[in-house]
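Just so you know, residue 1 is the first one in the sequence shown, and it goes up from there. The figures that follow rest on heavy atoms only: side chains count, while hydrogens, waters and symmetry mates do not.
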Amino acid sequence: MVSPARIVAMRKWVVIYTKPRAEKKFAQYCERHSVPYELPLYKKTRKYGRKKVTTRIPCFPGYVFVNIEDGERFDMLDSSYVCRYIKVVDQETFYEQLQSILVALENTVVVSHPEIVKGVRVRVKRGPMQGAEGIVEKRQGETKIILTLSFIGQSV
């Protein structure tokens with residue numbers, strides 16, 4: 001995972017579309033080559049008989065978000081895990097949306113508000129997800145905020 005201190009002003013966010021089920025392998029490739037990246041993962045627990053197994057699954061299957069300089073682009077394409085390289089046009093919006101998703105994944109704090117209804121676009125004012133924007137979805141009595149990474153058209 002990338003830390004804000006490692007992001008240099010000359011770097012740009014790009015989206016790497018990987019081969020099926022190769023997101024974590026590509027992330028390891030980035031680690032080995034000291035390339036800042038983000039791979040949002042969520043925990044999924046399954047039962048196999050009496051055992052509970054928790055795995056970390058990519059939130060956006062097939063996508064890894066990489067912060068590179070223009071010259072590093074070809075190094076990424078040399079990886080055997082990459083299918084496509086997608087340039088991000090609106091860097092600021094992309095980064096804000098990505099940060100909102102990462103904060104939401106790190107913090108499992110849920111606070112409900114009775115006046116929030118399904119389909120309304122909201123912005124979190126306080127707490128660990130302050131500044132995150134999303135659309136409210138209502139399921140079985142609990143309110144959830146859907147955070148969207150509009151550049152790739154997928155939500156968490």
Side-chain angles (χ1 to χ4, degrees), residues 1-8 11-69 72-73 75-112 121-124 127-140 142-156:
M1 299 285 178
V2 67
S3 66
R6 289 178 62 190
I7 298 175
V8 181
R11 294 183 171 273
K12 303 275 188 215
W13 284 101
V14 296
V15 176
I16 301 293
Y17 186 72
T18 65
K19 292 182 178 179
R21 299 176 56 96
E23 302 90 347
K24 292 179 184 178
K25 292 175 188 169
F26 181 71
Q28 289 172 347
Y29 176 87
C30 290
E31 284 283 332
R32 285 193 306 272
H33 290 85
S34 301
V35 175
Y37 71 94
E38 287 294 347
L39 176 59
L41 301 169
Y42 69 94
K43 292 180 183 176
K44 185 173 185 175
T45 304
R46 289 187 179 193
K47 276 186 161 183
Y48 296 101
R50 294 182 185 177
K51 288 185 178 182
K52 277 188 181 179
V53 177
T54 302
T55 57
R56 296 178 54 95
I57 310 291
C59 290
F60 306 106
Y63 294 99
V64 178
F65 312 110
V66 182
N67 193 252
I68 61 173
E69 293 177 7
E72 293 176 318
R73 175 182 156 200
D75 295 337
M76 296 294 102
L77 294 174
D78 285 343
S79 164
S80 61
Y81 308 114
V82 175
C83 286
R84 210 172 338 160
Y85 167 93
I86 307 166
K87 285 186 179 181
V88 176
V89 178
D90 188 353
Q91 292 283 315
E92 287 182 34
T93 302
F94 178 82
Y95 185 69
E96 287 173 10
Q97 291 175 347
L98 182 59
Q99 286 301 91
S100 294
I101 289 167
L102 294 172
V103 168
L105 290 170
E106 286 176 12
N107 302 291
T108 56
V109 177
V110 176
V111 179
S112 67
R121 184 163 187 79
V122 296
R123 177 182 297 216
V124 179
M129 292 181 56
Q130 182 176 355
E133 292 184 20
I135 298 172
V136 175
E137 182 178 310
K138 191 126 178 145
R139 285 191 202 157
Q140 300 174 349
E142 62 184 57
T143 303
K144 296 181 180 183
I145 297 176
I146 305 299
L147 298 173
T148 302
L149 193 54
S150 60
F151 183 76
I152 61 173
Q154 292 194 16
S155 302
V156 174

Q) Measuring from I101:CD1 to C59:SG, what's the distance to the nearest 0.5 Å? A) 7.5 Å
Q | Residue list, side chain to side chain contact (heavy atoms under 4.5 Å, CB included) with T93, at least two apart or on another chain | A | D90, Q97
(Q) Looking at N67, is its backbone amide N or carbonyl O close enough to the side chain of R11 to form a donor-acceptor pair, meaning the two atoms are under 3.5 Å apart? (A) yes
(Q) Is there a side-chain contact between I68 and Y85 in this structure, where contact means two heavy atoms from C-beta onward sitting under 4.5 Å apart? (A) yes
Q: To the nearest 0.5 angstrom, please state how far the SG atom of C30 sits from the CD1 atom of I16.
A: 7.5 Å
(Q) Under the rule for ring-ring contact (aromatic ring centres under 6.0 Å, His included), what residues qualify as partners of F26, not counting sequence neighbours? (A) Y29
**Q.** Spacing of CD belonging to E92 relative to CH2 belonging to W13, to within rounding of 0.5 Å
**A.** 14.0 Å
Q.
With a 4.5 Å cut-off on side-chain heavy atoms, are V64 and Y81 touching?
A. no
Q: Determine, using ring centers only, whether Y37 and F65 are less than 6.0 Å apart.
A: no
Q. Taking atom CG of L102 and atom CD of E38, what is their separation to the nearest 0.5 Å?
A. 4.5 Å
Q: Flag the pair K24 / L41 as yes when at least one side-chain heavy-atom distance between them is below 4.5 Å, and no otherwise.
A: yes
Q | Donor-acceptor under 3.5 Å (K12 side chain, V88 main chain) | A | no
**Q.** Over 12 non-hydrogen atoms of neighbours within 6.0 angstrom of CZ in R32
**A.** yes
Q.
Taking G62's backbone N and O only, do any of them form a donor-acceptor pair with E23's side chain (distance below 3.5 Å, no angle check)?
A. yes
